[in-house]
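Below is one structure, written out as structure tokens; the observations come after it.
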2 protein chains.
Amino acid sequence: MGYSIGQAAQKTGLTTHTLRYYEKEGLLPFVRKNSAGLRVFSDNDINWLNMIECLKATGMPLKGIKQYIDWFREGDTTLPQRLEMFKQQEKNIKEHLHRLQTNLSKISYKIRLYDKAVELGSLEKAQGLEEFKNDRLKLFGH
Amino acid sequence: MGYSIGQAAQKTGLTTHTLRYYEKEGLLPFVRKNSAGLRVFSDNDINWLNMIECLKATGMPLKGIKQYIDWFREGDTTLPQRLEMFKQQEKNIKEHLHRLQTNLSKISYKIRLYDKAVELGSLEKAQGLEEFKNDRLKLFGH
DNA sequence: ATAGAATTTAGAGTTTACTCCAAGTCAAGA
DNA sequence: TCTTGACTTGGAGTAAACTCTAAATTCTAT
């Protein structure tokens with residue numbers, strides 16, 4: 001129910017350095033300290049760290065995450081802002097997914113090309129094949 | 001057929017600063033200069049920049065991109081390394097896509113929750129609804 | 001011919017997100 | 001009691017990828 005910074009680090013996959021850095025940046029305003037001044041992470045704090053990880057992994061900078069946390073602390077008056085933020089984030093993720101899928105197909109094309117090139121021992125020869133001749137400029141040259 | 005650095009910047013969406021930076025980092029060894037010392041970008045160079053953009057957008061650091069370009073310049077003896085690199089990159093992209101999709105569903109959950117919260121004027125009330133009561137700990141608290 | 005826009009270089013500065021260090025405190029085991 | 005290991009703080013250092021500056025040169029349009 002109460003974790004040391006080391007235990008919290010283990011649970012989240014972050015380092016203790018990073019956890020202290022996040023606190024310094026205002027991302028962990030909920031973490032308490034015991035009488036000796038040691039941080040005590042609750043399960044709730046671990047949940048917050050998972051939320052932070054989710055936003056971070058989807059491209060939100062720490063500043064944006066801090067904004068969300070500040071809004072959360074302000075209470076229900078900021079519900080619309082938070083909703084708007086999540087909607088914007090959803091849009092960003094979908095765009096990112098789309099870009100990633102487009103680029104994945106380019107890389108997969110490269111793999112097909114290089115598979116043949118390795119087989120033939122020559123990139124030029126592979127590019128000369130009917131299969132790749134037409135795509136060449138449509139995708140990209142290298 | 002021959003573009004100034006400004007035109008190349010326009011075509012790629014990069015800045016002239018960034019193009020010069022890339023050249024300094026060894027990412028544009030193909031770009032020629034005219035007799036006055038001005039860079040002249042060919043269509044082939046623009047294709048290279050698109051390739052660089054593809055690798056960058058899928059998470060490859062500039063160092064890795066430079067490695068690829070160096071291998072390319074070495075010729076067909078490095079075909080296997082390049083194929084391996086593309087395969088690794090494909091794997092990275094697929095993992096990234098998967099993580100992004102997982103996190104997208106978390107964000108979409110948040111949007112549903114906050115939609116209700118805005119409607120009710122209270123996050124607590126929304127979290128109390130049957131629809132969200134059970135999911136609360138499964139996803140995350142905030 | 002000349003004004004003004006674009007380009008050149010070397011090098012300094014910025015931002016983000018850590019990452020590490022030093023010097024000190026605190027709790028638990030041999 | 002002593003040592004070991006985890007923790008504390010403030011602050012310095014790092015890596016990546018730009019981003020900007022200054023002074024000089026070159027191109028373009030009138």
Side-chain angles (χ1 to χ4, degrees), chain A residues 2-29 31-42 45-46 48-70 89 92 96 99, chain B residues 1-29 31-42 45-46 48-70 89 92 96 99 103:
Chain A
Y3 310 105
S4 72
I5 193 169
Q7 289 169 324
Q10 270 207 319
K11 271 187 175 278
T12 57
L14 300 166
T15 69
T16 57
H17 294 303
T18 302
L19 287 173
R20 288 195 201 96
Y21 169 67
Y22 282 3
E23 186 178 284
K24 192 158 59 181
E25 294 299 303
L27 269 65
L28 307 174
V31 175
R32 300 257 158 266
K33 295 194 179 173
N34 66 17
S35 52
L38 303 192
R39 290 173 186 80
V40 180
F41 288 73
S42 69
D45 296 330
I46 303 295
W48 266 105
L49 284 165
N50 290 335
M51 182 74 226
I52 288 170
E53 174 55 27
C54 173
L55 293 170
K56 191 160 60 87
T58 54
M60 185 177 288
L62 298 189
K63 255 186 197 171
I65 298 172
K66 174 169 165 40
Q67 173 67 273
Y68 167 59
I69 290 169
D70 290 346
Q89 189 66 2
N92 292 347
H96 192 172
R99 242 177 303 133
Chain B
M1 204 60 213
Y3 310 106
S4 72
I5 193 168
Q7 289 168 324
Q10 270 207 318
K11 272 187 175 275
T12 57
L14 300 166
T15 69
T16 57
H17 294 302
T18 302
L19 286 174
R20 288 196 202 94
Y21 169 65
Y22 281 3
E23 185 177 286
K24 193 160 56 180
E25 295 298 304
L27 269 64
L28 307 174
V31 175
R32 299 258 159 264
K33 295 193 179 175
N34 67 16
S35 53
L38 303 193
R39 290 173 186 80
V40 181
F41 288 73
S42 68
D45 295 331
I46 304 295
W48 266 104
L49 283 165
N50 290 335
M51 182 74 227
I52 288 168
E53 173 55 27
C54 173
L55 293 171
K56 191 158 61 87
T58 53
M60 187 178 287
L62 298 190
K63 256 186 198 173
I65 298 172
K66 175 168 165 40
Q67 173 67 272
Y68 167 59
I69 291 168
D70 289 346
Q89 190 66 0
N92 293 346
H96 192 172
R99 245 177 300 133
N103 284 321

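Lettering follows sequence order; numbering is per chain, from 1.
Under the rule for a side chain to side chain contact (heavy atoms under 4.5 Å, CB included), the partners of B:T16 that lie at least two apart in sequence or sit in another chain are B:I5, B:A9, B:R20. Residues meeting the side chain to side chain contact (heavy atoms under 4.5 Å, CB included) test with B:P61, sequence neighbours left out: none. Applying the side chain to side chain donor-acceptor pair (under 3.5 Å) test to B:Q10 and every residue at least two apart in sequence or in another chain returns nothing. For B:K11, the side chain to side chain contact (heavy atoms under 4.5 Å, CB included) criterion is met by B:Y3, B:I46, not counting sequence neighbours.
Of the inter-residue distances, the one linking A:L49 atom CG with A:L19 atom CG reads 6.0 Å to the nearest 0.5 angstrom.
The distance from atom NZ of A:K24 to atom P of D:dT9 is 10 Å, rounded to the nearest whole Å. The distance from atom CZ of A:F41 to atom C1' of D:dT8 is 13 Å, rounded to the nearest whole Å. Taking atom CG of residue B:L27 and atom C1' of nucleotide D:dA17, one finds them 11 Å apart after rounding to whole Å. Atom pair B:R20:CZ and D:dT19:P shows a separation of 14 Å (rounding to whole Å applied).
Using a 4.0 Å cut-off, no side-chain N or O of B:K66 falls inside it from OP1 or OP2 of D:dA16. Note on A:R39: every side-chain N or O is 4.0 Å or more away from OP1 and OP2 of D:dC7.
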Quiz item: Quick one: what's the B/S/- string for nucleotides 21-30 of chain D, heavy-atom cutoff under 4.0 Å, read 5' to 3'?
Solution: B----SS---

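Among the nucleotides D:dT9, D:dG11, D:dA17, the one closest to any side-chain atom of A:K33 is D:dT9.
The pair A:R39-A:E23 meets the salt-bridge criterion, since a charged nitrogen lies less than 4.0 angstrom from a carboxylate oxygen.
Note on ring orientation: taking the six-membered ring where Trp is involved, the planes of B:H96 and A:H96 are perpendicular (angle over 60°, cut-offs 30° and 60°).
On the nucleic acid side, DNA chain C contacts chain B at distances under 4.0 Å to non-hydrogen atoms, with the end points of that region at C:dT7 to C:dG11.
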